[in-house]
Every structure is written in C-alpha cells, then in structure tokens.
Number of protein chains: 2
Amino acid sequence: MSTQPPEGDSEEKTDVERRNADVCNVVGAVEEVGSKWKLVILNDLRDGEKRFNELKRSTGASSYTLSRVLNDLEEEGFIDNRKELESPVASYYTLTEKGGDLCPVFDALDEWGADWLE
Amino acid sequence: MSTQPPEGDSEEKTDVERRNADVCNVVGAVEEVGSKWKLVILNDLRDGEKRFNELKRSTGASSYTLSRVLNDLEEEGFIDNRKELESPVASYYTLTEKGGDLCPVFDALDEWGADWLE
DNA sequence: CGGCATCCTTGGAGATACTG
DNA sequence: CAGTATCTCCAAGGATGCCG
C-alpha cells in the first residue's frame with residue numbers, strides 16, 4: 001500500500017508514448033514489466049506458489065529489492081499474496097491471471113535465449 | 001531445441017540448481033535486452049530500416065541515449081548500421097537476424113498488452 | 001520467517017551545447 | 001543530419017539492522 005520511498009510513477013503520457021501506443025502496445029507492456037527483477041520474479045513464479053525466502057534464494061534478489069518488487073507486482077495485479085500468520089509466519093506468492101498471461105513472453109524469451117545465448 | 005525441463009533426470013538436484021538451469025535462458029535474455037530503451041528501439045525497427053532522427057522521433061529517446069543504445073545494440077549484434085556519407089549524411093539501422101528473432105517476444109508482449117493495458 | 005527502514009553507491013537517462 | 005561531450009539528477013538496488 002504505502003510504497004513511498006522508491007516510487008516514481010508518472011501517469012502522464014507524452015505524445016510520443018501515446019502515438020506508439022496506437023501502433024502497438026509493446027511499449028506499454030515494456031513500461032509495466034520491463035524491469036529486470038519484475039521479469040525474473042514473475043518468471044520464477046511460473047513454477048507455482050513460492051515463499052519469500054524461496055524467491056530470495058532462487059532469484060538472488062536482496063530482501064529489500066524483493067520486498068519492493070513483490071509489493072509493486074501485487075499492487076499492479078500480477079501476483080497474489082497469501083499469508084499464514086501461525087508460528088513461523090509464511091507468505092506465499094502466486095501469479096494472477098494477468099501475471100500468468102505473460103507466460104508466452106517468457107517462452108519467447110526462453111526460446112530466443114536457447115538460440116542466441118549459448 | 002525444446003526448452004522444456006529435461007524430464008527423466010533422476011539425478012538429485014537442488015531446487016535452486018534446477019531452477020537456475022531452467023530459468024537461465026529467460027534471465028540471460030532479460031540481462032541482454034531487459035532494458036527499456038533496447039526493447040523500445042528494437043521493437044521500433046521491426047517496421048524495417050530507420051534513420052537516427054526517425055528513431056529519435058518515434059521512440060522519444062534523446063540523442064545521447066539513442067546514440068549509446070544504438071552503439072550497444074550494434075556491438076551486441078542486434079542491429080546493423082549502414083551509413084551514407086553524401087551531402088546530408090544519413091545513417092540507417094536495421095535488425096540483424098539475432099535482433100529479428102526477438103519478434104516473437106514483441107508479439108507476445110503486444111498480445112499481452114492488448115489484453116491488459118486497456 | 002517475512003519484510004520494512006536506513007545508508008550508500010552506481011549508472012541510466014534528460015538537457016544542453018558542440019562538431020563533421 | 002548524425003552523432004559526441006559534459007553536467008547533473010534521481011531511481012535501482014546491495015548491505016545491514018531491526019522487529020513482529
């Protein structure tokens with residue numbers, strides 16, 4: 001909710017951005033999920049539900065970064081967060097439909113990487 | 001080559017190891033083209049050959065940023081640069097095969113954007 | 001275990017000005 | 001037109017510490 005420190009959202013669209021949006025929405029998509037950590041985390045959640053420290057280990061993100069990006073992703077509707085407040089608190093993250101619909105993007109990236117990264 | 005997890009691997013691997021192998025391509029791809037301007041410019045070049053100021057207008061990048069990203073992209077083999085040194089000098093940029101192979105990624109992003117950005 | 005607060009470093013990127 | 005050179009600003013993100 002209160003993500004004040006590193007928040008720099010600008011809702012205003014420039015003419016250029018609007019014009020590009022008319023042509024295609026690649027730019028819009030890039031603006032929303034075009035950051036490294038968002039992509040890495042979302043891609044990681046394709047396997048299914050994961051917990052905070054699990055994501056921390058598998059992505060290599062710091063607690064701070066992971067926490068912030070997860071909050072952003074949740075606010076933007078890419079992931080859901082289920083919390084269990086019992087003894088050792090547990091927090092589980094899953095992809096929403098919006099997030100899951102990015103799978104074709106990851107598949108395409110994966111395929112491209114298979115051809116050009118080895 | 002199929003990029004699906006190599007099933008039938010009875011060897012014991014940790015989740016992290018399996019995940020890293022599994023995810024490596026996506027992460028690697030994100031590391032290479034995961035920045036906003038790279039994606040925007042490459043996507044813009046899908047239309048075909050474009051000149052410097054043309055890209056500047058259509059992407060909205062500053063001369064400085066555009067120049068640097070174009071240099072990077074050329075060094076990394078994503079684009080080609082053809083120069084005409086006649087009267088008004090002209091510089092044309094096109095996608096290489098490596099860059100063009102990213103089209104499925106842009107298509108996937110475009111499709112996702114069509115569903116979730118409006 | 002999950003995750004927020006603080007400090008601090010780096011580089012991404014805009015504005016501006018200048019060359020060939 | 002096609003860049004390059006600075007200067008500058010700010011967000012991203014690592015490290016560390018603390019707390020429920």
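Order of the sequence lines fixes the chain letters, A, B, ..., with proteins taken first and strands second; residue numbering starts at 1 for each chain. A quick note: this is a predicted structure, and the numbers were derived from the prediction, not measured.
Here Trp37(A) reaches the OP1 or OP2 of dG13(D): one of its side-chain N or O atoms lies under 4.0 Å away. Residue Arg51(B) places at least one side-chain N or O under 4.0 Å from the OP1 or OP2 atom of dA2(D). Side-chain N/O atoms of Thr65(A) include one lying less than 4.0 angstrom from OP1 or OP2 on dG14(D).
At least one test fails for Lys50(A) against the ring of Tyr93(A): distance under 6.0 Å to the centre or angle within 45° of the axis.
Protein atom CD of Glu86(B) is 15 Å distant from nucleotide atom C1' of dA2(D), rounded to whole Å. Atom CD of Glu31(A) is separated from atom P of dA12(D) by 12 Å (rounded to the nearest Å). Here the P atom of nucleotide dC1(D) and the CG atom of Leu85(B) are 16 Å apart, to the nearest Å. One atom, NZ of Lys36(A), and another, P of dA12(D), lie 14 Å apart when rounded to the nearest Å. For the pair Lys50(B) NZ and dC1(D) P, the interatomic distance rounds to 15 Å; values are reported in whole Å. As rounded to whole Å, 12 Å separates atom P of dG3(C) from atom CD1 of Ile41(A). Taking atom CZ of Arg82(B) as the reference point, atom C1' of dA2(D) lies 14 Å away to the nearest angstrom. For the pair Ile79(A) CD1 and dG2(C) P, the interatomic distance rounds to 14 Å; values are reported in whole Å.
Using a 4.0 Å cut-off between a side-chain N of Lys or Arg and a carboxylate O of Asp or Glu, Glu84(A) and Arg51(A) do not qualify as a salt bridge. A salt bridge does not link Glu76(A) with Lys98(A): every distance from a Lys NZ or Arg NE/NH1/NH2 to an Asp or Glu carboxylate oxygen is 4.0 Å or more. Ion pair Glu49(B)/Arg82(B) flagged as a salt bridge, since at least one NZ, NE, NH1 or NH2 atom sits closer than 4.0 Å to an Asp/Glu carboxylate oxygen.
The neighbour count for Glu111(B) CD, taken as heavy atoms of other residues, nucleotides or ligands under 6.0 Å away, does not exceed 12.
In this structure, a donor-acceptor pair under 3.5 Å is absent between the side chains of Asp80(B) and Thr94(B).
Taking every heavy atom of both residues into account, Arg46(B) and Cys103(B) meet most closely at CD-SG, 3.3 Å.
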Got a list of protein N/O to nucleotides 3-6 of chain D N/O distances below 3.5 Å?
from: dG3(D); atom 1: OP2; to: Ser91(B); atom 2: OG; distance (Å): 2.8
from: dG3(D); atom 1: OP2; to: Tyr93(B); atom 2: OH; distance (Å): 2.4
from: dT4(D); atom 1: OP2; to: Ser67(B); atom 2: OG; distance (Å): 2.3
from: dT4(D); atom 1: OP2; to: Asn71(B); atom 2: ND2; distance (Å): 3.4

